[in-house]
Amino acid sequence: MALTGRTALLAALGSLPVGIWDPSWTGILAVNTPLALACACDFALAAPVRRLGLTRAGDTSVRLGEPAEVQLTVTNPSGRPLRAQLRDAWPPSSWQPGTEVEASRHRLTIPPGERRRLTTRLRPTRRGDHQANRVTIRSYGPLGLLTRQGSHKVPWTLRVLPPFTSRKHLPSKLARLRELDGRTSVLTRGQGTEFDSLRDYVPGDDTRSIDWRATARQSSVAVRTWRPERDRHILLVLDTGRTSAGRVGDAPRLDASMDAALLLAALASRAGDRVDLLAYDRRVRALVQGKAAGDVLPSVVNALATLEPELVETDARGLTSTALRTAKRSSLIVLLTSLDAAPIEEGLLPVLSRLTQRHTVLLASVADPHIEQMAKARGTTEAVYDAAAAAQAHAERHRTAEQLIRHGVTVVDATPSDLAPALADAYLSLKAAGRL
């Protein structure tokens, strides 16, 4: 029980001579029997809080940045009307800054034996699982002098998924995929492609595609058409070590890598390839394996929702061994990691041959757009030093990328906004070249 009418009572007793009443709450009621009786009646008429029934319903998942609604149904089983203030508590990251007080507090009146439904509108600012905290209810009597207060635990979990901002690029990448797949007039031929059909020769066609046996049976030159192979295995490997925690712009590098992984997973599953996901630093943080094409993207999104960078150095040997156990046949292994010289030269390069001797390896890294801005700076001494530092950083990344390329790795180095489409283009290029 909370005594919330004290201020009002002190004001009401302000006309009494000083010294007649004790300054404590008990003393006030002792010297003013009518007021004490009014408070007792008001408290007695307030609906009990602990007997209330509370249930939840509503959204269980939402993309980061989008609104979600959770309904709270309050049932009043008592014979007294409920006049109350209610606070539905959630973690601070469940709201936009400055909106928590307005969104989490509700006023309600429930007649005896009835129920009311309240809606709490959330807009989370962080990924992961957001757990509902206590629901606190303050029940007022008809005079508003005293209240009953209590809290209820009403469990509910809202999973906040990655925003997948790169999905806007998916239609254009699927159009390019249809071209590669032979469903438009643009056809490709490569080492790892499959025979599709025959058509008449047109100037500009590769003469190596001429089918001489079919040509001998007809009056025109016949050309074989090819399409990329399907049912290839793609393993997306996210490095969740300390380098993924570095912020680029307003978000960690890991978030940009996750967005690129989602676009590639959506594209590859539409291409008929099998997609698995591995997140690793010193141990497995997430693993999605063996999902059907229609279940790949939801499973990957759900696995990435609770993933956070770990402030530890990534174990490159452990990552390589786990990737090899996950990809037991020839696959495309996509490493989403940093291009910083030290982690690559000391960690990845010594074990890279274990991957490249059996798999096609593609490494994607998030570049800092601020370095590009620094490289263009001029006009002051400080700007020139910034430009020199940016040039040095760019040269170091370029040198590291060249080392990887010499080991047979395809490297994609792009800013957060460009990484996802660039990685998708690299995948399509490998497919067009017959390397996948």
Rounded to the nearest 0.5 Å, what separates atom [atom1] in [X] from atom [atom2] in [Y]?
X: Arg399; Y: Leu404; atom1: CZ; atom2: CG; value: 12.0 Å
X: Gln131; Y: Ser94; atom1: CD; atom2: OG; value: 10.0 Å
X: Leu236; Y: Ile333; atom1: CG; atom2: CD1; value: 10.5 Å
X: Arg105; Y: Gln85; atom1: CZ; atom2: CD; value: 8.5 Å

So, [X] side chain and [Y] main chain: donor-acceptor pair closer than 3.5 Å or not?
X: Ser365; Y: Leu339; value: yes
X: Arg127; Y: Leu307; value: yes
X: His130; Y: Arg126; value: yes
X: Arg247; Y: Asp250; value: yes
X: His359; Y: Ser331; value: yes
X: Ser321; Y: Gly318; value: no
X: Ser139; Y: Ala47; value: yes
X: Ser104; Y: Glu100; value: yes
X: Asp340; Y: Thr243; value: no
X: Gln218; Y: Ser220; value: yes

Smallest separation among heavy atoms of [X] and [Y], with atom names:
X: Val412; Y: Ala426; value: CG2-CB, 3.7 Å
X: Gly347; Y: Pro350; value: O-CD, 3.6 Å
X: Arg80; Y: Arg148; value: NH1-NH2, 3.7 Å

Scan side-chain atoms only and decide if [X] and [Y] contain a donor-acceptor pair under the 3.5 Å cut-off.
X: Ser299; Y: Asn302; value: no
X: His407; Y: Thr356; value: no
X: Gln71; Y: Arg117; value: no
X: Ser93; Y: Thr125; value: no

Is the shortest distance from a Lys or Arg side-chain nitrogen in [X] or [Y] to a carboxylate oxygen in the other one below 4.0 Å?
X: Asp273; Y: Arg232; value: no
X: Asp368; Y: Arg253; value: no
X: Glu66; Y: Arg63; value: no

Just checking [X]: does its [atom1] atom have more than 12 heavy atoms from other residues, nucleotides or ligands closer to it than 6.0 angstrom?
X: Arg167; atom1: CZ; value: yes
X: Arg115; atom1: CZ; value: no
X: His394; atom1: NE2; value: no
X: Glu402; atom1: CD; value: yes

Check: Can you list the steps and then say if Met258 with Leu238 is a side chain to side chain contact (heavy atoms under 4.5 Å, CB included)?
Finding: CA-CA 8 Å; Met258 289 167 51; Leu238 268 73; 3.5 Å; yes
Next item on the list: Please examine the side chains of Pro77 and Leu52, heavy atoms only from C-beta on, and report whether any two atoms are closer than 4.5 Å.
Entry: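 Result yes, sub-4.5 Å side-chain heavy-atom pair found.
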Next item on the list: Decide yes or no for Leu348 and Pro343: does some side-chain heavy atom of the first lie under 4.5 Å from some side-chain heavy atom of the second?
Entry: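 Not touching, per the 4.5 Å side-chain cut-off.
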Notebook entry, point to check: Can you name the one residue among Asp239, Asp281, Thr337, Thr240 that meets side-chain hydrogen bond (donor to acceptor under 3.5 Å, both in side chains) with Thr314?
Noted result: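 The option that passes is Asp239.
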Next item on the list: Apply the side-chain hydrogen bond (donor to acceptor under 3.5 Å, both in side chains) test between Arg56 and each candidate in Thr120, Thr73, Asp88; give the one that qualifies.
Entry: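 Among Thr120, Thr73, Asp88, the one meeting side-chain hydrogen bond (donor to acceptor under 3.5 Å, both in side chains) with Arg56 is Asp88.
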Next item on the list: Could you walk me through whether Thr60 and Thr157 pass side chain to side chain contact (heavy atoms under 4.5 Å, CB included), step by step?
Entry: CA-CA 6 Å; Thr60 56; Thr157 301; over 6 Å; no
Next item on the list: Mind running side chain to side chain contact (heavy atoms under 4.5 Å, CB included) on Glu313 and Arg242 for me, showing each step along the way?
Entry: CA-CA 6 Å; Glu313 194 71 41; Arg242 64 170 184 83; 2.5 Å; yes
Next item on the list: Would you sort out whether Thr322 and Val284 count as a side chain to side chain contact (heavy atoms under 4.5 Å, CB included), showing the intermediate values?
Entry: CA-CA 8 Å; Thr322 307; Val284 176; 3.9 Å; yes
